Structures are given as C-alpha cells and as structure tokens.
Protein chains: 2
Amino acid sequence: MAAVGRLAGVSQVTVSRALSHPEKVSPDTLQRIRDAIEATGFVPNALAGALASKRSHLISALVPSLTNIVYASFIATFSAQLRSHGYQVLLSETGFDTTSEQDLIATHLSRRPDAMLLTGIHHSQQARRSLLGADIPVVEVWDITDSPIDMCVGFNHVDAGRAVANFLYEQGHKNAATITANDERALRRQSAFSETFTQLSGNAVLNSNTGGPASIGAGRRALAHLIDDTGFQRGAVFCSSDLLAHGVLIEARARGLCVPGDMAVMGFGDQDFARDLEPALTTVAIDRLALGSVAAEALLARLVRPDTKQSIFDLGFKILRRASA
Amino acid sequence: MAAVGRLAGVSQVTVSRALSHPEKVSPDTLQRIRDAIEATGFVPNALAGALASKRSHLISALVPSLTNIVYASFIATFSAQLRSHGYQVLLSETGFDTTSEQDLIATHLSRRPDAMLLTGIHHSQQARRSLLGADIPVVEVWDITDSPIDMCVGFNHVDAGRAVANFLYEQGHKNAATITANDERALRRQSAFSETFTQLSGNAVLNSNTGGPASIGAGRRALAHLIDDTGFQRGAVFCSSDLLAHGVLIEARARGLCVPGDMAVMGFGDQDFARDLEPALTTVAIDRLALGSVAAEALLARLVRPDTKQSIFDLGFKILRRASA
DNA sequence: TTACTTTATGTATGCGCATACATATCACCA
DNA sequence: TGGTGATATGTATGCGCATACATAAAGTAA
C-alpha cells in the first residue's frame, strides 16, 4: 500500500482511504491511486485490514453436511446475500455431532468472524460459552426455540410432525409407518407424528430409523425392511426427507405396489425433484431460500445496529398435496 | 496472549511457543500456560498469527455450484483432508462464469490463502495473472490440460465422450441423442460423443442442451422435447449427468417406454442413487473422493516442498454397465 | 576447572493496514 | 483582513501475534 502510494505520489493513508472511503479523496488523486493499483497489481491484505479495524468481513457458518442439498441450497442463498454486502462466508461441515461442532466453533472463532451461523439449537455448553464470549451476532437456523443463543430462524418441528399426522389421518389413513434419517430434528418430527397419529387413529405407528443420512438407496431398503420384516402392507408412510420418499416410491413400484392406492407416501423438504416424480410427491415445503436470506438479513441487521430486537423468526412450513398421498 | 502469560508468570512469547511448539516449553510451564488459557477462555487470533507468519492456514476453493452434489461431494473430501492437516477451506460459488470467478479470485487472494483450488481449466487472463502474482500453489480440478496454471487433477472429457460413443455403438445402437446441461465440460463430452458416434454409425446424433443446470425435471422435459418435437423414438440417450438420466428414466416410464428395450439411457457421474434406480443406471464413474483427496494431497505436497514436480494427475473414468444401457 | 553445548525463556521488532488526530489549503463571509 | 469551516492529506500509533536474536541457566566433556 505504501508502494502504491509512492507511485501515486501520496502516503499510505491516502491509498487506504481511496480504497475504503473514495469520496474522501480528491478525484484526480483517486485516479492516480487507481492507476498505480492497476500498474502494480496490488491486492489489499484483508488480514492486516481486519487486524487493524477489528472487523474481518468474514461470517462463519457451520452446517451438518455440505453434501445434503437441503443445507447446501440454503447456504448458497445465505452466502450470496452476504457477499452482496461485502462479507465472505467461511463454511465448515460439523457432521451431526456437537463435540466436533464445538471444536470447529473454536477454530472459526480464531479467525475472528463478525458473526456466526449454526445449524440447529442443540450445542454443547462449552460452545455456548465460547460464542457468548466472542460477543458476536449468532443465528441458529432450521429450528426455533424460546432461548436462542442470540437469534434463531426456522420452524417448529413438533408442529410439522403433528400437521403431517393430521393431514394423513384426514386423508382417511388408519395405518402409518415412518422412515427417518438419523437426524435429531427429523427424529423430533417423527415422534410428534407418531404420537399424534396414534392418538387420532388408535393404531401404533411403525417407526424406523435408517441409521444414516437420507438417500434414495436408504429409502428403498427401509421400505423393503418395513414390508418384509414387519409385515407393513397398506397405509401411509411418512419419510423424513424427500430423498427417502423417492426411494420408497422406487421400491414400491419395483414391488408392484400402487402409490397412493396401496400406499400413500409423504416426503419432507419439497426438494426440486419432488414435483417431477411419478407420482408427484406430496411433501412438506420449507422455504429454504427464505431461511438463508432471513438468516443473512438478521445478522446484517445486528451488525449495523447491535441492539436490533427481534430474535426469533418462525418461517413455518406448508403441506404440499400432490399425487403420492 | 500477554494476559495469559501474565497469569502463568511467563511472557507473551512463551505462550505463543506453548501453542505452536509445545515441545520447546518445559512441561510445568506448559501446564501453567494451559491452565491459564483454560481460565481465561483465550482464543488465539489467527488473523494476527497469519499476518506475522505470512501463513494463513487458509486454502481457498472456487466451485461452480455448491448445490450440485457432484462438486459438494468432492469438496467435502477435499476439506476434510485439509482440515486434518490444520488448514481451513474458504469456499465460494462462482457460477459458470469466468468473470465472476475472476472477481472472487481477487477477493479470496486478499485473505492471503496459502493455496487455491479452481474448478476447470478455463480462466480469464486476468485471473491467471493474479494467481501467478500471488505465487501460491494452485490446483485446477475436474479437467486436465498440458498447461495448467500450476497443477491439475481430473480426467479427459473428450476421451470420456468417445468412450461412451464406442460403448453404446458396441451395444448395437445405431441411433443416439444427447441431453446436456449448460456446462462447458459436459458440452465437450457431448461433442466428442457426437462426433465419434456419427463416425461409427453413419447417423447424426440429436444433441440438446437444457440451457441450465442438471436436474430431474430438466431431464424429463428434455426427453419430452426430444420425442415430441424431434421425433426421436428408439436408440440410446447419453445424458451429461445422472440427474438428467434419472429424469429421462421417469419420463420414459411415464410414456410407457421400456428401458433399455425401447431406449437405452446412460448417465454420467455415478452418483449414489444411480445403482438404486429402476432400472439401475448405466453411467460413467468418476472417483470424486479421489479427486478431492488427490487435489488436497497435491497442494499439501507443494506447501511442504515447493519444488514438487508432478503437476498433472489424470484420474481417468470408468464405464459402469448396469441395466439401463 | 574451562569451554562449549543444550535447554528454557525473554527482548525487540515488524507483518500491513485503519484510525485518531494534526496539519495544510482553500473558500467564504463579515 | 481576519476568522471560520470545509476539504484534503499526512503523522503517529497499535491491532496481536511470530520470528530472529539475545540471554540465562544447566549440563557435558576435556
């Protein structure tokens, strides 16, 4: 920066100003500085800038999995929104484990992010302490709670499970099964569903857990297991993700079962392919774009005015009735 | 760090050493320092550390799209591998546009990454210049070239297209069509396929471009278009991604076409669901995990010994014959 | 014992920038 | 003409750490 200044005939400070407050520099000086930057190929050192100004323009984000399109898509929105405000996102995968999340939080905090996004509302005590100590805006997404670390953006998973139970019961189903990935929030929806459905129909729900992440293959295998090993035959199947539901659809067809005639299938998430399946998948829509952008807005608001009050954003959900249930 | 030192009765330097070279600090001093760190909740400032040491332990990665599982999955491996060596990955989405890539490169370089990963081998001239100027290891992935900026890890897309053409021709197909997403590498495979297949069979290939990213819906619509508007009826369909092929399978079934009896379908990528479709998808397997880890290893090697010589890693591809073709 | 090495720690310094404050110049009005 | 305020630029400083170098203490071989 000093070298650029020398070339433009000004001091380092003026170069700094030309970059961050161009309106405070006279037009011709500005031009000379810009020419000098061009000529030298100067790239400002954001590390030094952050150290001096105590603002890193970095926002850290922790998601369970990058390969899960559900997280990837909302992070894409989140990042784009923040980028347009001059922030960069430092992204890491935590897995579904609060201890590894805790380590990552410490690592991320060492980069002095201006704010942080976490997935879910369950974090280790140590993690909460670090975050509180860091004194930066924090947004927890994909779930809501009355006592967020700072802010939260999401929806109520218990309500969602209940709503699906009511919906399927009202469609006339008396029997139901669930297929759920190994994900705390999905399990919460599952038990809410199960409880409500049993209460309505008087019949127990066959709950199953794939023991891993959601995938088409896992959905196929889960349905096969449900039919072959537990004798499930007719009724509704509520899957914790569209991906599982998709696998269920494939397996059902391979077995000659008619959906929704023999078996109604519901997914969760309204992923882009849901409408393109045969039959089109009935599912629960979550506005993932809104999730990403509301989370970004919330952080930005806090960064501008640290006393911004609203801290709980319930984005809700919507049952999308299509052909499969 | 000075405060921690005061509490432990040592200077700031000793604290710094305790953190980065614990073997150079006497055991009891080390313990006192660790207790002090624990007591104060001290989190080292990586920005200052990077500024002083000129090593940021940050590696920047630019991919076209985070929501494309194909990129997400190899980046997951790449990140995990680097994390285990003490590096963090700063990830951004470039879209499929070299100008926006160029801007992102500048932004990323301002954070002084120790190395950079780029997707593909086509970059703006300006981008190449910045990268060369930054003087850091660079790895370009998903493609290979004789003249990488620094290193490249991938496979030959022209060879892949040709191999698929040979494969389908040998299966006895005389007619073929292609459905390709709007992606430079996919288009290169398409034209290689097309040229080779025409040469072998004497018949022109019906090429189509979805004009956007690959998706199940796009695959369905593309097949519908192929059949309704261009009269394609029997033959082989080579899709630029498994996702498109999946859509083709659904549309074919919806139209009562038998796969592979009436129409053979090939995908590309061997995504996890390919084996779980009905019929199971014949596709081209790319070892994405290897891609991520070889790229990470290549960068790590360069970081340790800057004169490491090998710079082109051809990972190849493999045609996986399953039921759909 | 001397001289030399090893181990443990401290002092001084600077990485590259942003900020507070000082200074200089100029326009403008009384 | 002096005084006031606005505009443009510069000087001094420190952000929090890592590194080179200096020093002190203890061990080692002759």
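For clarity, every value in this text was computed on a predicted model and none was experimentally measured. Here is the naming used below: chain letters follow the sequence lines, and residue numbers restart at 1 for every chain.
The 5' end of DNA chain C is approached more closely, in terms of each residue's nearest nucleotide, by G9(B) than by the other of A48(B) and G9(B). Each of R17(B) and F42(B) was assigned the nucleotide of DNA chain D with the nearest heavy atom; the assignment lying further toward the 5' end belongs to F42(B).
Looking at P113(B) and I59(B), their side chains never come closer than 4.5 Å, going by heavy atoms from C-beta outward.
Close to dT19(D), at under 4.0 Å from its OP1 or OP2, lies no side-chain N or O of K54(B). Contact between the side-chain N/O atoms of T14(B) and the OP1/OP2 oxygens of dT9(C) is not found at any separation under 4.0 Å. Note on S26(A): a side-chain N or O is less than 4.0 Å away from OP1 or OP2 of dT9(D). The shortest distance between the side-chain N/O atoms of T29(A) and the OP1/OP2 oxygens of dA8(D) is not below 4.0 Å. The phosphate of dG10(C) has OP1 or OP2 within less than 4.0 Å of a side-chain N or O from S11(B). Proximity of S16(A) to the phosphate of dC17(C): no side-chain N or O atom is located under 4.0 Å from OP1 or OP2.
Between L47(B) atom CG and dG14(C) atom P the separation is 22 Å, expressed in whole Å. Note: CG (L19(A)) to C1' (dG16(C)) measures 13 Å, nearest angstrom. Computed from coordinates, the E23(B) CD to dT9(C) C1' distance equals 15 Å when rounded to whole Å. Atom CD of Q12(B) and atom C1' of dG14(C) are 13 Å apart (whole Å). In this entry the distance linking NE2 of H57(B) with P of dA18(D) reads 9 Å, nearest Å. For M1(A) and dT11(D), the CE to P distance is 16 Å, given to the nearest whole Å. dC21(C) atom P lies 13 Å from atom NZ of K24(A), rounded to whole Å. The CG-C1' distance, from L30(A) to dA8(D), rounds to 13 Å in whole Å.
Of the listed nucleotides (dC17(D), dT19(C), dG16(D)), dT19(C) has the atom at the smallest distance from the side chain of S53(A). Residue V10(B) places its side chain closer to dG10(C) than to any other of dT9(D), dT19(D), dG10(C). Picking from dT19(C), dC17(D), dG16(C) the nucleotide with the shortest atom distance to the side chain of N45(B) gives dC17(D). The side chain of V13(B) has dG10(C) as its nearest neighbour among dG10(C), dG14(C), dC15(D).
A donor-acceptor pair is defined here as one N or O able to donate and one able to accept, closer than 3.5 Å; such a pair exists between the side chain of E140(A) and the backbone of I149(A). Listed for the R302(A) side chain is a donor-acceptor partner under 3.5 Å among the backbone atoms of T308(A).
In this pair, Y71(B) and W142(B) present their aromatic rings perpendicular. The plane angle is above 60°, beyond the 30 to 60° band. Between F78(B) and F74(B), the two ring planes are tilted [angle within 30° to 60°].
With hydrogens and angles ignored, no donor-acceptor pair closer than 3.5 Å exists between the side chain of R112(B) and the base of dG16(C).
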*Is there a salt bridge (charged side-chain N to carboxylate O under 4.0 Å, His left out) between R34(B) and E38(B) once you walk through the steps?*
CA-CA 6 Å; R34(B) 289 194 168 146; E38(B) 175 71 21; over 6 Å; no

